[in-house]
Amino acid sequence: MRQELLSLPKTLAEDVAKNLVMVARLIDEEPERAYAYSRIALRLASRVAAVREAAGFAAYANQKYSEALAEFRAARRMTGTVELWPVMADCERGLGRPEKALDMAGAPEVHKLDKAGQVEMRLVAAGARRDMGQLEAAIVTLQSPELASSSVQPWTARLRYAYADALLSVERRDEAREWFAKAVEADRDSSTDASDRLAELDGVEFVDALDDNEDESQEESLGRSAADADAHVDDDDDDDIDDSDIDVSDDDTGDDEPLDDLDDDASEDEDEDEDDEDDEDDDEVAGKVHDEADAKAVDKD
């Protein structure tokens with residue numbers, strides 16, 4: 001690829017390279033973003049085979065099989081190699097043409113593939129057989145020296161996995177379990193879910209500890225929220241009690257007379273007291289007059 005980019009102006013080559021790097025980085029985890037970067041690279045340098053190939057794989061990852069096939073064909077015309085033959089056949093499967101894929105599996109180009117390419121072509125052919133409902137034929141297609149070999153190659157895990165899955169499709173569960181276990185042994189980078197399939201056959205269920213922790217965190221949050229709500233209610237109750245105390249105080253004075261009436265009553269009481277004092281003074285004066293009169297009468301006698 002580097003050699004191909006050298007044919008471009010330096011600035012353009014750098015821009016194309018940056019987009020191709022992003023395609024390679026995102027294609028497994030974020031295929032949609034990878035596809036977007038591939039389209040940018042394609043607009044910048046559509047005559048570069050590496051760009052057409054990258055665009056093809058990005059489209060393939062997004063199940064845009066017609067577009068991917070067109071890009072792979074363009075790249076193959078530019079390079080003249082057969083490395084893309086298996087993935088082109090798989091695009092035919094994706095387009096609902098398994099018969100075409102089988103035809104490609106029997107084409108002379110397959111003999112030009114390296115060992116990895118031939119194993120990939122065998123996987124595609126077995127998948128095409130299953131698409132056509134030929135389940136037993138798919139099992140036979142996968143039986144090969146590469147499958148029987150005890151050595152572990154980059155393709156070993158996927159080949160054993162496909163064979164186990166084909167066996168399971170015809171209810172040969174014991175054999176399927178055996179080959180899923182062999183796939184687990186060869187799957188050093190976890191490229192398949194063979195371990196999960198094996199556990200499923202053994203009736204083992206996995207519990208996601210992360211989910212449990214999240215549930216516990218949610219429960220704690222709910223508990224704190226409930227406690228806060230109770231505290232808020234208690235505060236409101238205290239406020240209500242204070243208000244009720246004030247109301248009770250008002251009620252206690254409700255039966256009393258108005259203040260103005262009380263002032264009037266007090267004035268009347270003071271007037272009565274003054275009248276009583278005046279009566280008492282009059283009585284004293286009257287008593288003195290009476291006494292003086294008695295004294296004069298005695299003197300006359």
Side-chain angles (χ1 to χ4, degrees), residues 1-128 131 146 153-159 162 189 191:
M1 180 181 70
R2 182 181 179 84
Q3 189 65 33
E4 294 180 56
L5 293 178
L6 289 176
S7 63
L8 301 174
K10 183 178 180 181
T11 303
L12 179 59
E14 290 176 353
D15 290 341
V16 172
K18 290 177 182 179
N19 283 282
L20 293 181
V21 168
M22 293 304 297
V23 172
R25 183 178 298 175
L26 298 171
I27 195 166
D28 292 329
E29 301 297 332
E30 300 180 71
E32 293 181 356
R33 291 185 62 196
Y35 178 77
Y37 280 108
S38 74
R39 301 307 296 177
I40 296 174
L42 194 59
R43 287 196 299 269
L44 294 174
S46 61
R47 294 188 178 183
V48 175
V51 172
R52 304 301 290 266
E53 182 177 333
F57 278 111
Y60 178 82
N62 285 275
Q63 300 182 359
K64 300 178 183 292
Y65 298 117
S66 180
E67 183 178 327
L69 184 58
E71 297 299 336
F72 289 143
R73 285 172 175 170
R76 182 169 178 266
R77 286 195 300 269
M78 293 177 180
T79 61
T81 65
V82 295
E83 294 178 359
L84 298 173
W85 195 256
V87 70
M88 290 169 61
D90 205 37
C91 285
E92 295 289 357
R93 282 187 61 210
L95 292 171
R97 300 193 292 253
E99 298 87 351
K100 179 63 176 177
L102 286 176
D103 290 342
M104 294 179 68
E109 285 80 359
V110 176
H111 300 291
K112 300 176 184 179
L113 295 170
D114 59 12
K115 183 63 69 176
Q118 291 180 1
V119 171
E120 193 67 33
M121 191 73 250
R122 191 178 294 277
L123 289 169
V124 173
D131 293 342
E146 292 80 17
Q153 302 296 330
W155 63 79
T156 302
R158 293 179 59 239
L159 182 59
D189 58 354
S191 61

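Worth saying up front: this structure is predicted, and the values here are computed from it rather than measured. Scope of the values below: all heavy atoms of this structure, side chains included, with no hydrogens, waters or symmetry mates.
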Does E32 pair with K64 as a salt bridge, N-O distance under 4.0 Å?
no

Can you run down the ring pair (Phe, Tyr, Trp, His ring centres under 6.0 Å) pairs that involve residues 56-103, sequence neighbours left out, and say none if there aren't any?
F57-F72, Y60-Y65

I need the minimum non-hydrogen distance between E4 and A49, along with the two atoms involved.
OE1-N, 3.0 Å

Heavy-atom pair with the smallest gap, counting every atom of R158 and S191
CG-OG, 4.5 Å

Nearest heavy-atom pair of S46 and M78: which atoms, and what distance?
O-CE, 3.6 Å

Throw together a table of side-chain donor-acceptor distances under 3.5 angstrom for residues 19-30, partners on residues two or more places apart or in other chains.
unit_1, atom_1, unit_2, atom_2, d
N19, ND2, D15, O, 2.8
E30, OE1, R33, NH1, 3.3

Could you report the tightest heavy-atom contact between L84 and A75, atom names first, then the distance?
CD1-CB, 3.9 Å

Hey, is CZ on R97 packed in by over 12 heavy atoms from elsewhere, all under 6.0 Å?
yes

Restricting to side chain to side chain contact (heavy atoms under 4.5 Å, CB included), what partner residues turn up for E99, sequence neighbours left out?
M132

Can you name the side chain to side chain donor-acceptor pair (under 3.5 Å) partners of T79, sequence neighbours left out?
T81

Non-neighbouring partners of R93 that pass side chain to side chain donor-acceptor pair (under 3.5 Å), sequence neighbours left out
D90, D131

Please say whether more than 12 non-hydrogen atoms of neighbouring residues, nucleotides or ligands are located less than 6.0 Å from CD in Q118.
yes

Test of understanding: with side chain to side chain donor-acceptor pair (under 3.5 Å), list the residues that count as partners of E71, not counting sequence neighbours.
R52

Across all chains, not counting sequence neighbours, the side chain to side chain donor-acceptor pair (under 3.5 Å) partners of E67 are Y35, R39

Taking every non-hydrogen atom, the tightest pair across S38 and A58:
OG-CB, 3.5 Å

Run the side-chain donor-acceptor check on residues 108-115: report pairs under 3.5 Å with partners two or more places apart or on a different chain.
unit_1, atom_1, unit_2, atom_2, d
D114, OD1, A116, N, 3.4
D114, OD1, G117, N, 2.7
K115, NZ, E146, OE2, 3.0

Which value, rounded to the nearest 0.5 Å, describes the distance between L5 atom CG and E14 atom CD?
10.5 Å

Output all residues satisfying salt bridge (Lys or Arg N to Asp or Glu O under 4.0 Å) with R47, sequence neighbours left out; order by chain, then residue number.
none

Test item: L8 and V16 side chains (from C-beta on) under 4.5 Å apart, heavy atoms
yes

Working to the nearest 0.5 angstrom, can you tell me the gap between E83 CD and M88 CE?
12.5 Å

P86 and E120 have their tightest heavy-atom pair at CB-CG, 3.8 Å

Separation between CG of L159 and CD of Q153, rounded to the nearest 0.5 Å:
11.5 Å

